[in-house]
Amino acid sequence: MKVIFFILLFMLAPLQMTSARLLCPNVPHVSMPVVCSNACGTKFLYDHCIDAMRQGGIDMSPSHTEETTVYAILAANQTLDSYDDTLLALSFQLQHNKSLSYAEGEAYMGCMDDYDEAYNILSAILHSCLNNCYFPKNVSMYLSGVTSLENCRDRMLAPWMKAPLLYPKVERDRNKVLMAYLLGKLLIGL
Ligand SMILES: *[C@@H]1O[C@H](CO)[C@@H](O)[C@H](O)[C@H]1NC(C)=O
Ligand SMILES: *[C@@H]1O[C@H](CO)[C@@H](O)[C@H](O)[C@H]1NC(C)=O
Ligand SMILES: *[C@@H]1O[C@H](CO)[C@@H](O)[C@H](O)[C@H]1NC(C)=O
């Protein structure tokens, strides 16, 4: 019995590899332009979506389709990688920039907390939910990540910040998590 089981596993392994991108049952397969237009209500967001997906190596042609989950996973993954980049820049400022004022130091530390929170939430969505074909009905998880980044953005724009050095990164990350949310939202109810 065991032997048969192992032989079966062996035979199934290559099959699974060819369908590596087929992740979850009942999830529609759509092209990149379609998923981006379904997710995004404005041209700004649509263009941003296309750029992000293209950067992630997804074939742009209307005849090429992917399971919707693939797009949501890609957007969450890109967002987390981008958070990592900003966290490095934040810790560089805190550890090496001797000319930070006290208030600036407080702002950067506040942002570290905002990012930790945003990172943990999105990482849980990616690893516990999306990767397991579990689609939470409650999207406020995504939105609380957006709120954390907006808190950090406000800290960066405070009048006591001599230079809004990290503002562009925070704004970029906010747009990325918004994209992850918009694509993730398409999976609700599946
Ligand atoms: C995103 O995906 C890349 C490539 O698959 C991987 O190396 C990286 O660790 C992922 N990032 C996260 C935060 O899961
Ligand atoms: C959704 O989750 C948020 C926090 O993650 C919680 O405050 C809220 O009550 C939840 N809403 C529902 C309908 O479960
Ligand atoms: C250090 O902080 C000051 C004050 O915000 C800023 O003007 C300067 O560009 C920072 N230096 C570096 C290397 O980031």
Side-chain angles (χ1 to χ4, degrees), residues 16-24 27 32 35 39 48-60 64 66-136 141-142 144-146 148-149 151-184 187:
Q16 262 180 354
M17 273 169 67
T18 54
S19 59
R21 299 195 98 145
L22 178 75
L23 300 168
C24 312
V27 175
M32 190 212 291
V35 85
H48 186 69
C49 178
I50 296 283
D51 281 350
M53 296 299 114
R54 196 189 278 144
Q55 231 180 59
I58 292 196
D59 183 340
M60 166 89 211
H64 178 88
E66 295 277 358
E67 184 182 305
T68 305
T69 327
V70 168
Y71 301 104
I73 287 174
L74 182 61
N77 174 290
Q78 286 177 338
T79 307
L80 288 172
D81 282 351
S82 186
Y83 287 179
D84 276 333
D85 171 66
T86 308
L87 278 163
L88 273 181
L90 281 168
S91 59
F92 175 85
Q93 290 300 319
L94 285 165
Q95 285 169 23
H96 301 292
N97 191 337
K98 302 283 179 277
S99 44
L100 286 190
S101 67
Y102 178 78
E104 286 177 313
E106 291 278 288
Y108 286 130
M109 280 193 285
C111 274
M112 291 289 265
D113 291 341
D114 297 332
Y115 267 82
D116 276 346
E117 206 168 309
Y119 195 100
N120 290 339
I121 292 168
L122 190 56
S123 177
I125 292 176
L126 176 60
H127 296 114
S128 310
C129 303
L130 298 178
N131 280 340
N132 291 311
C133 301
Y134 168 67
F135 308 124
M141 280 170 82
Y142 277 109
S144 65
V146 177
S148 291
L149 289 208
N151 290 340
C152 173
R153 183 186 59 184
D154 293 348
R155 294 183 208 278
M156 295 295 101
L157 291 176
W160 49 84
M161 299 299 288
K162 279 177 241 142
L165 281 181
L166 298 191
Y167 171 77
K169 284 186 192 287
V170 179
E171 187 60 13
R172 169 200 69 191
D173 294 349
R174 184 203 166 260
N175 289 336
K176 281 188 191 281
V177 66
L178 194 60
M179 192 52 57
Y181 160 70
L182 292 170
L183 288 164
L187 294 163

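This one's a predicted model, so the numbers in the text were calculated from it and none came from an experiment. Excluded from the calculations below are hydrogen atoms, water molecules and symmetry mates; all remaining heavy atoms, backbone and side chain alike, are included. Just follow the structure's listing: the first ligand is 1, and inside any ligand the first atom is 1.
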Engineer: Determine, counting only non-hydrogen atoms of the protein, whether one lies under 4.0 angstrom from atom 11 (N) of ligand 1.
Structural biologist: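 Under 4.0 Å from atom 11 (N) of ligand 1, at least one protein heavy atom found.
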Engineer: Could you list which atoms of ligand 3 come closer than 4.0 Å to a heavy atom of L100?
Structural biologist: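 By the 4.0 Å cutoff, the relevant atoms are 2 (O).
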Engineer: Got an N/O contact under 3.5 Å between Y119 and ligand 1?
Structural biologist: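 No; every N/O pair is 3.5 Å or more apart.
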Engineer: Within the side chain of K169, is there an N or O that forms a donor-acceptor pair under 3.5 Å with the backbone of A89?
Structural biologist: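 Pair absent, no side-chain N/O of K169 close to backbone of A89.
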Engineer: With side chains defined as the heavy atoms from C-beta onward, is the minimum distance between M32 and H64 less than 4.5 Å?
Structural biologist: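 Answer no - side chains too far apart.
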Engineer: Any atoms of ligand 1 less than 4.0 Å from a non-hydrogen atom of L80? List them with their elements.
Structural biologist: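 Matching atoms, with element in brackets: 13 (C).
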Engineer: Which residue owns the protein heavy atom closest to atom 5 (O) of ligand 1, what's the atom, and how far is it?
Structural biologist: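 The protein heavy atom lying closest is N77 ND2, 4.6 Å.
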Engineer: May I ask you to identify the nearest protein heavy atom to atom 9 (O) of ligand 3, giving residue, atom name and distance to one decimal place in Å?
Structural biologist: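 Among all protein heavy atoms, the one nearest atom 9 (O) of ligand 3 is L165 CD1, 3.9 Å.
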Engineer: Measuring from E66:CD to I73:CD1, what's the distance to the nearest 0.5 Å?
Structural biologist: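 Here the rounded value is 10.5 Å.
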Engineer: What do we get for E104 next to ligand 3 when only non-hydrogen atoms under 4.0 Å count, side chain, backbone, both or neither?
Structural biologist: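 Within the 4.0 Å criterion, E104 contacts ligand 3 through side-chain atoms alone.
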Engineer: Test of understanding: given a 4.0 Å heavy-atom threshold, classify the contact between D84 and ligand 1 as side chain, backbone, both, or neither.
Structural biologist: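 Contact part for D84 vs ligand 1: neither.
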Engineer: Considering distance alone, does some N or O of N97 sit under 3.5 Å from an N or O of ligand 3?
Structural biologist: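 Yes: some nitrogen or oxygen of N97 is under 3.5 Å from one in ligand 3.
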Engineer: Measure the spacing between OH of Y142 and CG of L183 and express it to the nearest 0.5 Å.
Structural biologist: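 Output value for this atom pair is 8.0 Å.
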Engineer: Identify the closest protein heavy atom to atom 14 (O) of ligand 3: which residue and atom is it, and at what distance?
Structural biologist: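 The protein heavy atom lying closest is Q93 NE2, 2.8 Å.
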Engineer: Are any of the side-chain nitrogens in R155 or D113 under 4.0 Å away from the carboxylate oxygens of its partner?
Structural biologist: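 Between D113 and R155 there is no salt bridge, as every charged N stays at least 4.0 Å from the carboxylate O atoms.
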Engineer: Tell me, which protein residue and heavy-atom name are nearest atom 7 (O) of ligand 3, and how many Å apart are they?
Structural biologist: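 Nearest neighbour among protein heavy atoms for atom 7 (O) of ligand 3, to 0.1 Å: A163 CB, 3.9 Å.
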Engineer: Is there at least one protein heavy-atom neighbour under 4.0 Å from atom 1 (C) of ligand 1?
Structural biologist: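 Under 4.0 Å from atom 1 (C) of ligand 1, at least one protein heavy atom found.
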Engineer: About how many Å separate NE2 of H127 and CD1 of I125, when rounded to the nearest 0.5 Å?
Structural biologist: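 Output value for this atom pair is 12.0 Å.
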Engineer: Taking atom CG of L122 and atom OH of Y115, what is their separation to the nearest 0.5 Å?
Structural biologist: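 Result: 12.0 Å between the selected atoms.
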Engineer: Nearest 0.5 angstrom please: R153 CZ to R174 CZ, how far?
Structural biologist: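 These two atoms lie 5.0 Å from each other.
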Engineer: Suppose we measure from atom 13 (C) of ligand 3 to each protein heavy atom; which comes out shortest, and what is that distance?
Structural biologist: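 Answer for atom 13 (C) of ligand 3: F92 CE2, 4.3 Å.
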Engineer: Once you restrict to heavy atoms under 4.0 Å, what part of M161 touches ligand 3? Side chain, backbone, both or neither.
Structural biologist: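 It is neither; nothing of M161 touches ligand 3.
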Engineer: I want to check something: taking the side chain as every heavy atom from C-beta on, are M179 and Y71 in contact at a cut-off of under 4.5 Å?
Structural biologist: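 Of all side-chain heavy-atom pairs linking Y71 with M179, none is under 4.5 Å.
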